[in-house]
There are 2 protein chains.
Amino acid sequence: MTTRTASTRSRLSPEERRSQLLDLGVRLLSSRSLDELSIDLLAEEAGISRGLLYHYFGSKQAFHEAVVRRAADDLIAQTAPPVEGEPLHRLLVSMTAYLDYVDTNHAGYLSLVKAAQGGNDTLREIYDEARAALTDRVFGEDAQGQIVRETPQTRLLVKAWAAFAEEVVLGWKADPAGVTREEVLDVLVMSLPALVGVLPPQE
Amino acid sequence: MTTRTASTRSRLSPEERRSQLLDLGVRLLSSRSLDELSIDLLAEEAGISRGLLYHYFGSKQAFHEAVVRRAADDLIAQTAPPVEGEPLHRLLVSMTAYLDYVDTNHAGYLSLVKAAQGGNDTLREIYDEARAALTDRVFGEDAQGQIVRETPQTRLLVKAWAAFAEEVVLGWKADPAGVTREEVLDVLVMSLPALVGVLPPQE
DNA sequence: GGCGTTATTGAAAAAGTGTCAATAGACTGC
DNA sequence: GCAGTCTATTGACACTTTTTCAATAACGCC
(Lines give C-alpha, C1' and ligand atoms only; values in the text may rest on other atoms or scores of the structure.)
Protein backbone atom coordinates (compact mmCIF):
# COMPACT_ATOMS: atom_id res chain seq x y z
CA MET A 1 0.00 0.00 0.00
CA THR A 2 1.53 3.28 -1.08
CA THR A 3 1.00 6.75 0.34
CA ARG A 4 -1.51 7.67 -2.34
CA THR A 5 -5.09 7.04 -1.45
CA ALA A 6 -6.45 7.72 -4.92
CA SER A 7 -5.68 4.73 -7.08
CA THR A 8 -6.72 6.59 -10.20
CA ARG A 9 -4.61 9.11 -12.06
CA SER A 10 -5.59 12.74 -11.61
CA ARG A 11 -5.67 15.08 -14.53
CA LEU A 12 -4.86 18.71 -13.79
CA SER A 13 -4.57 21.72 -16.07
CA PRO A 14 -1.01 22.33 -17.23
CA GLU A 15 -0.79 25.50 -15.14
CA GLU A 16 -1.93 23.78 -11.99
CA ARG A 17 0.34 20.81 -12.51
CA ARG A 18 3.33 22.95 -13.33
CA SER A 19 2.71 25.09 -10.31
CA GLN A 20 2.30 22.09 -8.05
CA LEU A 21 5.57 20.61 -9.24
CA LEU A 22 7.44 23.88 -8.81
CA ASP A 23 6.13 24.35 -5.29
CA LEU A 24 7.13 20.84 -4.41
CA GLY A 25 10.52 21.38 -6.00
CA VAL A 26 11.13 24.52 -3.98
CA ARG A 27 10.28 22.66 -0.83
CA LEU A 28 12.38 19.61 -1.57
CA LEU A 29 15.37 21.52 -2.87
CA SER A 30 15.64 23.68 0.20
CA SER A 31 17.11 20.83 2.18
CA ARG A 32 18.79 18.69 -0.51
CA SER A 33 21.02 19.47 -3.41
CA LEU A 34 19.87 18.62 -6.90
CA ASP A 35 21.77 15.37 -7.22
CA GLU A 36 20.51 14.24 -3.86
CA LEU A 37 16.98 14.58 -5.20
CA SER A 38 16.02 11.77 -7.56
CA ILE A 39 13.24 12.12 -10.07
CA ASP A 40 11.84 8.97 -8.55
CA LEU A 41 11.41 10.61 -5.17
CA LEU A 42 10.04 13.79 -6.66
CA ALA A 43 7.52 11.88 -8.76
CA GLU A 44 6.40 9.80 -5.83
CA GLU A 45 5.96 12.84 -3.59
CA ALA A 46 3.93 14.55 -6.30
CA GLY A 47 1.91 11.43 -6.99
CA ILE A 48 2.79 11.38 -10.66
CA SER A 49 4.95 9.34 -13.00
CA ARG A 50 8.55 10.21 -13.86
CA GLY A 51 7.53 10.75 -17.45
CA LEU A 52 5.26 13.64 -16.56
CA LEU A 53 8.10 15.64 -15.09
CA TYR A 54 9.97 15.34 -18.34
CA HIS A 55 6.87 16.30 -20.24
CA TYR A 56 6.73 19.57 -18.32
CA PHE A 57 10.37 20.46 -17.89
CA GLY A 58 12.39 18.44 -20.37
CA SER A 59 15.29 17.62 -18.07
CA LYS A 60 16.21 17.51 -14.43
CA GLN A 61 18.51 20.48 -14.89
CA ALA A 62 15.77 22.50 -16.57
CA PHE A 63 13.44 21.63 -13.73
CA HIS A 64 15.97 22.96 -11.28
CA GLU A 65 16.27 26.21 -13.17
CA ALA A 66 12.50 26.58 -13.23
CA VAL A 67 12.36 26.00 -9.48
CA VAL A 68 15.04 28.60 -8.84
CA ARG A 69 13.40 31.07 -11.16
CA ARG A 70 10.14 30.61 -9.31
CA ALA A 71 11.86 31.33 -6.01
CA ALA A 72 13.64 34.35 -7.48
CA ASP A 73 10.44 35.75 -8.97
CA ASP A 74 8.72 35.42 -5.61
CA LEU A 75 11.53 37.28 -3.91
CA ILE A 76 11.60 40.04 -6.49
CA ALA A 77 7.84 40.45 -6.45
CA GLN A 78 7.67 40.75 -2.70
CA THR A 79 10.62 43.06 -2.17
CA ALA A 80 10.91 45.10 -5.33
CA PRO A 81 8.02 47.61 -5.10
CA PRO A 82 9.60 51.03 -5.35
CA VAL A 83 9.71 53.17 -2.27
CA GLU A 84 9.50 56.89 -1.76
CA GLY A 85 11.36 59.02 0.69
CA GLU A 86 14.77 59.46 2.19
CA PRO A 87 17.59 57.11 1.17
CA LEU A 88 18.01 55.62 4.61
CA HIS A 89 14.29 55.21 5.01
CA ARG A 90 14.05 53.51 1.63
CA LEU A 91 16.81 51.18 2.72
CA LEU A 92 14.92 50.36 5.90
CA VAL A 93 11.74 49.57 4.00
CA SER A 94 13.70 47.45 1.58
CA MET A 95 15.46 45.49 4.29
CA THR A 96 12.21 45.00 6.19
CA ALA A 97 10.60 43.53 3.10
CA TYR A 98 13.62 41.30 2.64
CA LEU A 99 13.52 40.06 6.21
CA ASP A 100 9.78 39.48 5.96
CA TYR A 101 10.25 37.50 2.80
CA VAL A 102 12.86 35.23 4.26
CA ASP A 103 10.68 34.82 7.34
CA THR A 104 7.67 33.55 5.45
CA ASN A 105 9.49 31.84 2.56
CA HIS A 106 12.44 30.30 4.27
CA ALA A 107 12.43 27.16 2.13
CA GLY A 108 12.18 29.10 -1.11
CA TYR A 109 14.95 31.42 -0.16
CA LEU A 110 17.20 28.56 0.84
CA SER A 111 16.71 26.72 -2.43
CA LEU A 112 17.51 29.94 -4.27
CA VAL A 113 20.68 30.60 -2.31
CA LYS A 114 21.89 27.02 -2.42
CA ALA A 115 21.36 26.78 -6.15
CA ALA A 116 23.32 29.92 -6.89
CA GLN A 117 26.66 28.66 -5.65
CA GLY A 118 27.08 25.03 -6.65
CA GLY A 119 25.47 25.68 -9.97
CA ASN A 120 25.95 26.70 -13.54
CA ASP A 121 25.90 30.18 -15.05
CA THR A 122 22.18 30.18 -15.66
CA LEU A 123 21.42 29.57 -12.00
CA ARG A 124 23.91 32.17 -10.91
CA GLU A 125 22.34 34.66 -13.28
CA ILE A 126 18.88 34.12 -11.85
CA TYR A 127 20.29 34.63 -8.39
CA ASP A 128 22.14 37.80 -9.32
CA GLU A 129 18.95 39.16 -10.78
CA ALA A 130 17.16 38.57 -7.51
CA ARG A 131 19.97 40.13 -5.53
CA ALA A 132 19.92 43.16 -7.78
CA ALA A 133 16.32 43.71 -6.77
CA LEU A 134 17.59 44.28 -3.25
CA THR A 135 20.75 46.21 -3.91
CA ASP A 136 20.10 48.25 -7.04
CA ARG A 137 18.25 50.93 -5.18
CA VAL A 138 21.25 51.87 -3.11
CA PHE A 139 22.78 53.34 -6.25
CA GLY A 140 20.57 56.34 -6.97
CA GLU A 141 20.09 57.45 -10.55
CA ASP A 142 20.42 61.09 -9.65
CA ALA A 143 23.00 62.70 -7.44
CA GLN A 144 20.37 63.61 -4.89
CA GLY A 145 18.74 60.57 -3.38
CA GLN A 146 21.53 58.06 -3.56
CA ILE A 147 23.17 56.33 -0.69
CA VAL A 148 26.27 55.35 -2.57
CA ARG A 149 28.05 56.86 -5.55
CA GLU A 150 28.88 54.16 -8.08
CA THR A 151 32.60 53.43 -8.56
CA PRO A 152 34.53 50.18 -8.97
CA GLN A 153 35.19 50.25 -5.23
CA THR A 154 31.60 50.79 -4.17
CA ARG A 155 30.28 48.27 -6.66
CA LEU A 156 32.47 45.62 -5.08
CA LEU A 157 31.59 46.79 -1.62
CA VAL A 158 27.84 46.78 -2.13
CA LYS A 159 27.94 43.31 -3.65
CA ALA A 160 29.82 42.10 -0.61
CA TRP A 161 27.39 43.91 1.66
CA ALA A 162 24.60 41.90 0.06
CA ALA A 163 26.46 38.73 1.01
CA PHE A 164 26.81 40.14 4.52
CA ALA A 165 23.09 40.87 4.73
CA GLU A 166 22.23 37.41 3.50
CA GLU A 167 24.42 35.79 6.11
CA VAL A 168 22.99 37.96 8.87
CA VAL A 169 19.45 36.99 7.99
CA LEU A 170 20.10 33.29 7.41
CA GLY A 171 22.33 33.06 10.46
CA TRP A 172 19.66 34.69 12.58
CA LYS A 173 16.94 32.44 11.20
CA ALA A 174 19.09 29.42 11.93
CA ASP A 175 19.73 30.50 15.51
CA PRO A 176 17.78 33.52 16.72
CA ALA A 177 18.87 33.09 20.33
CA GLY A 178 19.70 36.37 21.99
CA VAL A 179 19.11 38.66 19.05
CA THR A 180 15.89 40.57 18.39
CA ARG A 181 14.32 41.30 15.06
CA GLU A 182 14.89 45.01 15.61
CA GLU A 183 18.58 44.48 16.18
CA VAL A 184 18.80 42.51 12.95
CA LEU A 185 17.03 45.22 10.99
CA ASP A 186 19.25 47.82 12.56
CA VAL A 187 22.38 45.98 11.55
CA LEU A 188 21.08 45.43 8.02
CA VAL A 189 20.39 49.11 7.51
CA MET A 190 23.28 50.70 9.33
CA SER A 191 25.92 48.32 8.01
CA LEU A 192 25.80 49.77 4.53
CA PRO A 193 26.68 53.37 5.42
CA ALA A 194 29.22 52.05 7.92
CA LEU A 195 30.94 50.03 5.22
CA VAL A 196 30.83 52.86 2.72
CA GLY A 197 32.52 54.95 5.38
CA VAL A 198 35.67 52.83 5.35
CA LEU A 199 36.38 53.79 1.75
CA PRO A 200 38.45 56.93 1.32
CA PRO A 201 36.18 59.80 0.26
CA GLN A 202 36.07 60.00 -3.55
CA GLU A 203 35.60 63.26 -5.37
CA MET B 1 45.77 4.53 -27.73
CA THR B 2 44.90 6.26 -24.52
CA THR B 3 46.60 9.19 -22.82
CA ARG B 4 48.60 6.93 -20.55
CA THR B 5 52.08 6.19 -21.71
CA ALA B 6 52.74 3.52 -19.13
CA SER B 7 50.86 0.41 -20.18
CA THR B 8 51.49 -1.24 -16.83
CA ARG B 9 49.55 -0.51 -13.70
CA SER B 10 51.41 1.50 -11.09
CA ARG B 11 51.21 0.59 -7.44
CA LEU B 12 51.52 3.44 -4.97
CA SER B 13 51.35 3.50 -1.23
CA PRO B 14 47.84 4.22 0.05
CA GLU B 15 48.95 7.64 1.34
CA GLU B 16 50.44 8.65 -1.98
CA ARG B 17 47.49 7.42 -3.97
CA ARG B 18 44.99 9.05 -1.69
CA SER B 19 46.87 12.30 -1.83
CA GLN B 20 47.15 12.20 -5.60
CA LEU B 21 43.43 11.64 -5.97
CA LEU B 22 42.56 14.42 -3.56
CA ASP B 23 44.82 16.89 -5.34
CA LEU B 24 43.32 15.94 -8.65
CA GLY B 25 39.85 16.22 -7.17
CA VAL B 26 40.51 19.72 -5.87
CA ARG B 27 41.71 20.76 -9.31
CA LEU B 28 38.87 19.18 -11.25
CA LEU B 29 36.13 20.31 -8.89
CA SER B 30 37.15 23.94 -9.04
CA SER B 31 35.76 24.29 -12.54
CA ARG B 32 32.94 21.72 -12.50
CA SER B 33 30.29 20.79 -10.02
CA LEU B 34 30.23 17.31 -8.59
CA ASP B 35 27.63 15.92 -10.94
CA GLU B 36 29.45 17.36 -13.91
CA LEU B 37 32.46 15.32 -12.91
CA SER B 38 32.10 11.65 -13.80
CA ILE B 39 34.11 8.98 -12.08
CA ASP B 40 35.12 7.93 -15.57
CA LEU B 41 36.83 11.24 -16.26
CA LEU B 42 38.42 11.36 -12.85
CA ALA B 43 39.76 7.83 -13.18
CA GLU B 44 41.13 8.50 -16.63
CA GLU B 45 42.83 11.71 -15.55
CA ALA B 46 44.38 9.91 -12.61
CA GLY B 47 45.39 6.94 -14.74
CA ILE B 48 43.53 4.46 -12.56
CA SER B 49 40.41 2.34 -12.75
CA ARG B 50 37.04 3.44 -11.47
CA GLY B 51 37.12 0.69 -8.88
CA LEU B 52 40.14 2.14 -7.16
CA LEU B 53 38.39 5.34 -6.35
CA TYR B 54 35.68 3.39 -4.58
CA HIS B 55 38.30 1.39 -2.76
CA TYR B 56 39.71 4.60 -1.30
CA PHE B 57 36.63 6.69 -0.74
CA GLY B 58 33.61 4.42 -0.80
CA SER B 59 31.32 6.69 -2.77
CA LYS B 60 31.38 9.70 -5.01
CA GLN B 61 29.82 11.77 -2.29
CA ALA B 62 32.41 10.69 0.26
CA PHE B 63 35.13 11.52 -2.22
CA HIS B 64 33.70 14.99 -2.55
CA GLU B 65 33.73 15.45 1.18
CA ALA B 66 37.33 14.33 1.38
CA VAL B 67 38.27 16.79 -1.35
CA VAL B 68 36.54 19.64 0.43
CA ARG B 69 38.15 18.68 3.72
CA ARG B 70 41.55 18.72 2.04
CA ALA B 71 40.91 22.22 0.67
CA ALA B 72 39.71 23.39 4.07
CA ASP B 73 42.75 21.97 5.83
CA ASP B 74 45.02 23.75 3.37
CA LEU B 75 43.30 27.02 4.03
CA ILE B 76 43.43 26.57 7.78
CA ALA B 77 47.09 25.60 7.73
CA GLN B 78 48.15 28.56 5.66
CA THR B 79 46.19 31.23 7.46
CA ALA B 80 45.94 29.98 11.02
CA PRO B 81 49.43 30.50 12.51
CA PRO B 82 48.95 32.70 15.56
CA VAL B 83 50.23 36.21 15.40
CA GLU B 84 51.62 38.55 18.02
CA GLY B 85 50.92 42.22 18.40
CA GLU B 86 48.11 44.70 18.31
CA PRO B 87 44.59 43.49 17.49
CA LEU B 88 44.30 45.52 14.30
CA HIS B 89 47.74 44.50 13.20
CA ARG B 90 46.93 40.85 13.83
CA LEU B 91 43.82 41.29 11.75
CA LEU B 92 45.87 42.79 8.94
CA VAL B 93 48.32 39.91 8.99
CA SER B 94 45.45 37.46 9.00
CA MET B 95 43.66 39.11 6.10
CA THR B 96 46.89 39.33 4.13
CA ALA B 97 47.44 35.63 4.59
CA TYR B 98 43.88 35.00 3.50
CA LEU B 99 44.22 37.12 0.40
CA ASP B 100 47.54 35.46 -0.42
CA TYR B 101 45.98 32.06 -0.03
CA VAL B 102 43.12 32.81 -2.36
CA ASP B 103 45.61 34.30 -4.80
CA THR B 104 47.75 31.20 -5.05
CA ASN B 105 45.03 28.60 -4.48
CA HIS B 106 42.18 30.12 -6.37
CA ALA B 107 40.98 26.79 -7.77
CA GLY B 108 41.03 25.05 -4.43
CA TYR B 109 39.31 27.89 -2.66
CA LEU B 110 36.57 27.98 -5.25
CA SER B 111 35.85 24.29 -4.93
CA LEU B 112 35.64 24.74 -1.19
CA VAL B 113 33.24 27.64 -1.38
CA LYS B 114 31.09 26.18 -4.12
CA ALA B 115 30.79 22.86 -2.34
CA ALA B 116 29.77 24.41 0.95
CA GLN B 117 26.65 26.12 -0.28
CA GLY B 118 25.10 23.70 -2.76
CA GLY B 119 25.75 20.77 -0.48
CA ASN B 120 24.71 18.74 2.49
CA ASP B 121 25.30 19.37 6.16
CA THR B 122 28.65 17.60 6.25
CA LEU B 123 30.08 19.87 3.58
CA ARG B 124 28.71 22.94 5.26
CA GLU B 125 30.25 21.84 8.51
CA ILE B 126 33.69 21.48 6.98
CA TYR B 127 33.34 24.92 5.50
CA ASP B 128 32.23 26.51 8.74
CA GLU B 129 35.25 25.03 10.42
CA ALA B 130 37.52 26.66 7.87
CA ARG B 131 35.78 29.96 8.26
CA ALA B 132 36.17 29.76 11.99
CA ALA B 133 39.93 29.55 11.49
CA LEU B 134 39.77 33.01 9.96
CA THR B 135 37.33 34.62 12.33
CA ASP B 136 38.03 33.04 15.69
CA ARG B 137 41.00 35.22 16.34
CA VAL B 138 38.95 38.37 16.36
CA PHE B 139 37.46 37.18 19.63
CA GLY B 140 40.32 37.55 22.08
CA GLU B 141 40.56 35.20 25.04
CA ASP B 142 41.50 37.94 27.44
CA ALA B 143 39.88 41.32 27.81
CA GLN B 144 43.00 43.08 26.62
CA GLY B 145 43.87 42.14 23.08
CA GLN B 146 40.49 41.44 21.60
CA ILE B 147 38.86 43.30 18.78
CA VAL B 148 35.36 42.18 19.58
CA ARG B 149 33.67 41.11 22.77
CA GLU B 150 31.72 37.92 22.24
CA THR B 151 27.94 38.23 22.48
CA PRO B 152 25.10 36.72 20.44
CA GLN B 153 25.06 39.92 18.41
CA THR B 154 28.76 40.02 17.66
CA ARG B 155 28.89 36.33 16.91
CA LEU B 156 26.27 36.80 14.21
CA LEU B 157 27.95 39.93 12.95
CA VAL B 158 31.41 38.42 12.68
CA LYS B 159 30.08 35.39 10.83
CA ALA B 160 28.40 37.70 8.36
CA TRP B 161 31.56 39.77 8.11
CA ALA B 162 33.36 36.60 7.00
CA ALA B 163 30.82 36.24 4.21
CA PHE B 164 31.46 39.88 3.34
CA ALA B 165 35.22 39.32 3.23
CA GLU B 166 34.82 36.27 1.06
CA GLU B 167 32.68 38.11 -1.41
CA VAL B 168 35.11 41.03 -1.52
CA VAL B 169 38.04 38.77 -2.29
CA LEU B 170 36.26 36.55 -4.80
CA GLY B 171 34.59 39.52 -6.44
CA TRP B 172 37.91 41.27 -6.76
CA LYS B 173 39.62 38.16 -8.14
CA ALA B 174 36.83 37.76 -10.67
CA ASP B 175 37.10 41.37 -11.82
CA PRO B 176 40.01 43.37 -10.40
CA ALA B 177 39.43 46.34 -12.71
CA GLY B 178 39.87 49.64 -10.96
CA VAL B 179 40.61 48.32 -7.48
CA THR B 180 44.08 47.83 -6.05
CA ARG B 181 45.25 45.11 -3.73
CA GLU B 182 45.90 47.69 -1.03
CA GLU B 183 42.34 48.96 -1.25
CA VAL B 184 41.04 45.43 -0.90
CA LEU B 185 43.18 44.78 2.16
CA ASP B 186 42.11 48.06 3.63
CA VAL B 187 38.46 47.22 3.21
CA LEU B 188 38.94 43.76 4.65
CA VAL B 189 40.61 45.09 7.78
CA MET B 190 38.63 48.25 8.39
CA SER B 191 35.24 46.73 7.67
CA LEU B 192 35.23 44.69 10.86
CA PRO B 193 35.61 47.58 13.31
CA ALA B 194 33.21 49.60 11.18
CA LEU B 195 30.57 46.89 11.43
CA VAL B 196 31.12 46.37 15.13
CA GLY B 197 30.56 50.10 15.48
CA VAL B 198 26.97 49.87 14.31
CA LEU B 199 26.05 47.72 17.30
CA PRO B 200 24.97 49.65 20.37
CA PRO B 201 27.77 49.59 22.96
CA GLN B 202 27.21 46.67 25.37
CA GLU B 203 28.22 46.78 28.98
C1' DG C 1 64.09 -16.25 -7.56
C1' DG C 2 59.99 -17.76 -5.23
C1' DC C 3 56.24 -16.01 -1.82
C1' DG C 4 52.86 -13.38 0.55
C1' DT C 5 50.61 -9.14 1.03
C1' DT C 6 47.51 -5.97 -0.74
C1' DA C 7 46.95 -2.24 -4.28
C1' DT C 8 44.59 -2.50 -8.36
C1' DT C 9 41.59 -3.99 -12.05
C1' DG C 10 37.48 -5.16 -15.08
C1' DA C 11 33.23 -7.09 -15.73
C1' DA C 12 28.71 -7.15 -14.21
C1' DA C 13 24.86 -5.45 -11.10
C1' DA C 14 22.33 -1.48 -9.48
C1' DA C 15 20.59 3.03 -9.72
C1' DG C 16 19.24 6.96 -12.13
C1' DT C 17 18.05 9.76 -16.31
C1' DG C 18 15.61 10.49 -20.48
C1' DT C 19 12.17 8.79 -24.56
C1' DC C 20 7.90 7.72 -26.65
C1' DA C 21 3.92 5.15 -28.23
C1' DA C 22 -0.14 3.88 -25.81
C1' DT C 23 -3.73 4.99 -22.30
C1' DA C 24 -7.48 7.28 -20.05
C1' DG C 25 -9.65 11.65 -17.75
C1' DA C 26 -12.64 15.31 -18.71
C1' DC C 27 -15.17 18.16 -21.59
C1' DT C 28 -18.34 18.94 -25.76
C1' DG C 29 -22.27 18.47 -28.59
C1' DC C 30 -26.10 15.76 -29.26
C1' DG D 1 -26.94 9.97 -20.61
C1' DC D 2 -23.69 8.68 -24.54
C1' DA D 3 -20.15 8.79 -28.14
C1' DG D 4 -16.23 11.38 -29.68
C1' DT D 5 -12.23 14.30 -29.29
C1' DC D 6 -8.40 16.36 -27.14
C1' DT D 7 -4.47 15.99 -24.48
C1' DA D 8 -2.63 15.09 -19.72
C1' DT D 9 -0.63 11.16 -18.08
C1' DT D 10 1.50 6.73 -17.89
C1' DG D 11 4.74 2.65 -18.06
C1' DA D 12 7.91 0.10 -20.28
C1' DC D 13 12.30 0.52 -22.54
C1' DA D 14 16.98 2.48 -23.92
C1' DC D 15 20.90 4.64 -22.25
C1' DT D 16 24.30 6.60 -18.96
C1' DT D 17 26.62 6.63 -14.65
C1' DT D 18 27.52 4.80 -10.17
C1' DT D 19 28.75 0.96 -7.19
C1' DT D 20 30.25 -3.84 -6.09
C1' DC D 21 33.48 -7.62 -5.77
C1' DA D 22 36.08 -11.70 -7.10
C1' DA D 23 40.23 -12.03 -9.66
C1' DT D 24 44.81 -10.13 -10.80
C1' DA D 25 49.48 -8.49 -10.51
C1' DA D 26 53.00 -5.16 -8.51
C1' DC D 27 56.21 -4.67 -4.84
C1' DG D 28 58.95 -5.93 -0.64
C1' DC D 29 60.90 -9.63 1.93
C1' DC D 30 63.43 -13.64 2.70
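Quick note on labels: first sequence line is chain A, next is B, and so on, each numbered from 1. Below, each value reflects all heavy atoms present in this structure, side chains not excepted, and no hydrogens, waters or symmetry copies. This is a predicted model, so every value here is computed, not measured.
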(Q) Using a 4.0 Å heavy-atom cut-off to protein, can you give one letter per nucleotide of nucleotides 23-30 of chain D, 5' to 3': B if the base is in contact, S if only the sugar-phosphate is, - if neither? (A) -BSBS---

(Q) The criterion is salt bridge (charged side-chain N to carboxylate O under 4.0 Å, His left out); which residues satisfy it with A:Glu166, sequence neighbours excluded? (A)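 A:Arg131.
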
Name all residues meeting the side-chain hydrogen bond (donor to acceptor under 3.5 Å, both in side chains) criterion together with [X]; count only those two or more places apart in sequence or in a different chain, and write none if there are none.
{"X": "A:Asp35", "value": "A:Ser33"}
{"X": "A:Arg27", "value": "none"}
{"X": "A:Thr135", "value": "none"}

**Q.** Contacting residues from residues 12-27 of chain B, given that a heavy atom lies under 4.0 angstrom of DNA chain C
**A.** B:Leu12, B:Pro14, B:Arg17

Q) Which nucleotide, D:dT9, D:dT10, D:dT19, lies nearest any side-chain atom of A:Ile48? A)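 Of the options given, the side chain of A:Ile48 lies nearest D:dT10.
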
Q.
With side chain to side chain donor-acceptor pair (under 3.5 Å) as the rule and sequence neighbours excluded, what pairs involving residues 47-58 of chain A come up?
A. A:Asp40-A:Arg50

**Q.** Contacts of B:Tyr98 that satisfy ring pair (Phe, Tyr, Trp, His ring centres under 6.0 Å) - sequence neighbours left out
**A.** B:Tyr109

Q | Pairwise ring pair (Phe, Tyr, Trp, His ring centres under 6.0 Å) hits with a residue in residues 160-188 of chain A, at least two apart | A |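 Residue pairs with at least one partner in residues 160-188 of chain A: there are none.
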
Show which side-chain atoms of residues 66-80 of chain A pair as donor or acceptor with protein atoms under 3.5 Å away, not counting sequence neighbours.
unit_1, atom_1, unit_2, atom_2, d
A:Arg70, NH1, A:Asp23, OD1, 2.7
A:Arg70, NH2, A:Ser19, OG, 3.3
A:Thr79, OG1, A:Leu75, O, 2.8

Q. Which of residues 33-42 of chain B have a heavy atom under 4.0 Å from DNA chain D?
A.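 Of all residues in residues 33-42 of chain B, the ones placing a heavy atom under 4.0 Å from DNA chain D are B:Leu37, B:Ser38, B:Ile39.
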
Q | Residues forming a side chain to side chain contact (heavy atoms under 4.5 Å, CB included) with B:Glu125, sequence neighbours excluded | A |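 B:Glu125: no side chain to side chain contact (heavy atoms under 4.5 Å, CB included) contacts found.
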
